[in-house]
Trainee: 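To start, I am sharing the structure in question, which I have written as C-alpha cells.
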Number of protein chains: 2
Amino acid sequence: MKQLVKPLLAVLALTAASATFAQQAPKPEQIIKWRQSVYQVLAWNNGRIKASVDGTYNKDEVIRAANAIAAIANSGLGALYPAGTETGKGWRETTVKPELFTDTAKAGEAARKFVTESNELAKVAATGDAAAVKVAFGKLGATCKGCHDDFRKKD
Amino acid sequence: MKQLVKPLLAVLALTAASATFAQQAPKPEQIIKWRQSVYQVLAWNNGRIKASVDGTYNKDEVIRAANAIAAIANSGLGALYPAGTETGKGWRETTVKPELFTDTAKAGEAARKFVTESNELAKVAATGDAAAVKVAFGKLGATCKGCHDDFRKKD
C-alpha cells in the first residue's frame with residue numbers, strides 16, 4: 001500500500017499544480033491584447049519624443065518618454081509571444097507574421113537591437129543634448145521599422 | 001505699411017503654428033486608446049510580480065516588471081486625460097468617471113501615491129528581498145484599487 005501511496009500523491013500533486021497553472025496562465029487573447037497595448041504605449045512615447053525633436057525641445061518630457069520606452073524594451077517582451085499566439089484576436093486580430101515564431105534567431109536579434117537603442121536613447125535623453133537625442137531617436141526608429149518590416153503584417 | 005506687416009506676420013505665424021498643432025495633436029480616440037493600453041501594460045507587469053510573490057520568486061522577472069511599472073507611472077500619465085476625453089471610444093468605450101476631470105485635487109493625489117509606491121516597489125525589487133517586495137507590492141495594489149474605486153466605472 002505504502003508503495004502505491006507515493007506515486008499516487010505525486011500524480012495528485014502534479015494534477016493540482018497543472019490545475020493551478022491552467023487557472024493562472026493568461027489566455028492567448030489576453031496575451032495578444034497585452035502586446036498590442038505595449039506597442040500603443042511605445043507609440044505614445046515615441047510621439048512625445050518626436051514632438052520635442054521636431055519642435056520645441058522639452059528635456060523632462062523626453063526623459064520621461066525615453067525611460068518608459070527603455071523600461072518596456074527591457075521588460076522581456078519575448079514573453080508576449082508564446083506558442084499559441086501566432087494568430088488570434090486581442091483588441092483586434094494580431095498582425096504578427098508567422099516568421100517571428102519560426103525565425104527566432106532573427107527575431108531575437110531584432111529584439112536585442114531594440115533594447116540596445118532604447119537604452120542608448122534613455123542615456124542620451126538624460127543629458128538633454130537635443131542633437132544627440134535626435135541621432136539616438138533615429139537609430140531607435142530604425143530598429144522599430146526593421147522589426148515591423150520583417151515581422152508585422154501591413155494593416 | 002511697415003507698421004502693418006509685423007502684426008500681420010505675427011497673425012500668420014500664429015495661424016501656421018495652430019495649423020501645425022492641429023495636424024499633430026492626437027485625436028481623443030487615440031489618446032483614450034493609449035491610456036487603455038497603459039493599464040493593460042501595467043496589468044501584465046502586475047501579474048508577473050504577483051506570480052513571483054504568490055509562487056516561485058524570480059528576482060530578475062520582478063525587477064523587469066517593477067521597472068516597467070515605475071517608468072510608466074513616472075511618464076506623466078496625466079497627459080492622457082486632456083479635456084475632450086471624458087467620454088469616447090479608444091479600443092472600447094472609456095470607463096473613466098467624470099470625477100477624474102472635475103476633482104483634480106483628488107485625482108492628482110491618487111496619481112502621486114501611485115508614483116510613490118511604484119518607485120518604492122522598483123527600489124525594493126532591486127534588492128531581491130521577496131518579503132519586502134510583497135509588502136511594497138501590496139501598497140502599490142492599494143493605490144491601484146483606490147484609484148479604480150474613485151475614478152473608474154465598473155465594467
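Order of the sequence lines sets the chain letters (A, B, ...), proteins ahead of strands, with each chain counted from 1.
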Trainee: Does one side chain, of Gln40(A) or Gln30(B), offer a donor that lies under 3.5 Å from an acceptor on the other?
Mentor: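 Indeed, the side chains of Gln40(A) and Gln30(B) share at least one donor-acceptor pair under 3.5 Å.
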Trainee: Let's test your reading of the structure: which of Arg48(B), Gln36(B), Lys33(B) forms the most heavy-atom pairs below 4.5 Å with chain A?
Mentor: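 Highest number of heavy-atom pairs under 4.5 Å: Arg48(B).
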Trainee: Between chain A and each of Ala71(B), Ser75(B), Ala68(B), count heavy-atom pairs under 4.5 Å; write down the option with the most.
Mentor: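 The answer is Ser75(B).
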Trainee: What distance separates Trp34(B) CH2 from Asn45(A) CG, expressed to the nearest 0.5 Å?
Mentor: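 Between Trp34(B) CH2 and Asn45(A) CG, I get 9.0 Å after rounding to 0.5 Å.
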Trainee: Measure Glu61(B) against the heavy atoms of chain A and call it side chain, backbone, both or neither at under 4.5 Å.
Mentor: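 Contact with chain A involves no heavy atom of Glu61(B) at all.
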Trainee: Tell me if the NZ atom of Lys139(B) is crowded by more than 12 foreign heavy atoms within 6.0 Å.
Mentor: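 At most 12 heavy atoms, drawn from other residues, nucleotides or ligands, come within 6.0 Å of this atom.
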Trainee: With hydrophobic residues grouped by side-chain heavy-atom distances under 4.5 Å, do Val115(A) and Leu42(A) end up in a single group?
Mentor: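 Shared cluster, no.
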Trainee: Above 12 or not: heavy atoms from other molecules or residues under 6.0 Å from NZ of Lys153(A)?
Mentor: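 Enclosed.
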Trainee: Enter the distance from Trp91(A):CH2 to Arg92(B):CZ here, rounded to the nearest 0.5 Å.
Mentor: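 CZ of Arg92(B) is found 5.0 Å from CH2 of Trp91(A).
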Trainee: Taking the side chain from Arg64(B) and the backbone from Ile72(A), do they hold a donor-acceptor pair closer than 3.5 Å?
Mentor: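 No; judged by distance alone, with no hydrogens or angles, the pair does not exist.
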Trainee: Which bit of Arg35(A) comes within less than 4.5 Å of chain B, counting heavy atoms only: side chain, backbone, both or neither?
Mentor: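 Neither part, no heavy atoms under 4.5 Å.
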Trainee: If I compare all heavy atoms of Ala79(B) with all of Trp44(A), which pair ends up nearest, and what's the gap?
Mentor: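 What the structure gives for the nearest pair is CB-CZ2, 4.5 Å.
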Trainee: Count I, L, V, M, F, W, Y as connected when their side-chain heavy atoms are under 4.5 Å apart, and connections chain through other members. Are Ile32(B) and Tyr39(B) then in the same cluster?
Mentor: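 Unlinked, Ile32(B) and Tyr39(B) end up in two clusters.
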Trainee: So which residue, Ile69(A), Leu80(A), Val41(A), Ile63(A), ends up with the most heavy-atom pairs under 4.5 Å with chain B?
Mentor: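 Result: the option with the highest number of such pairs is Leu80(A).
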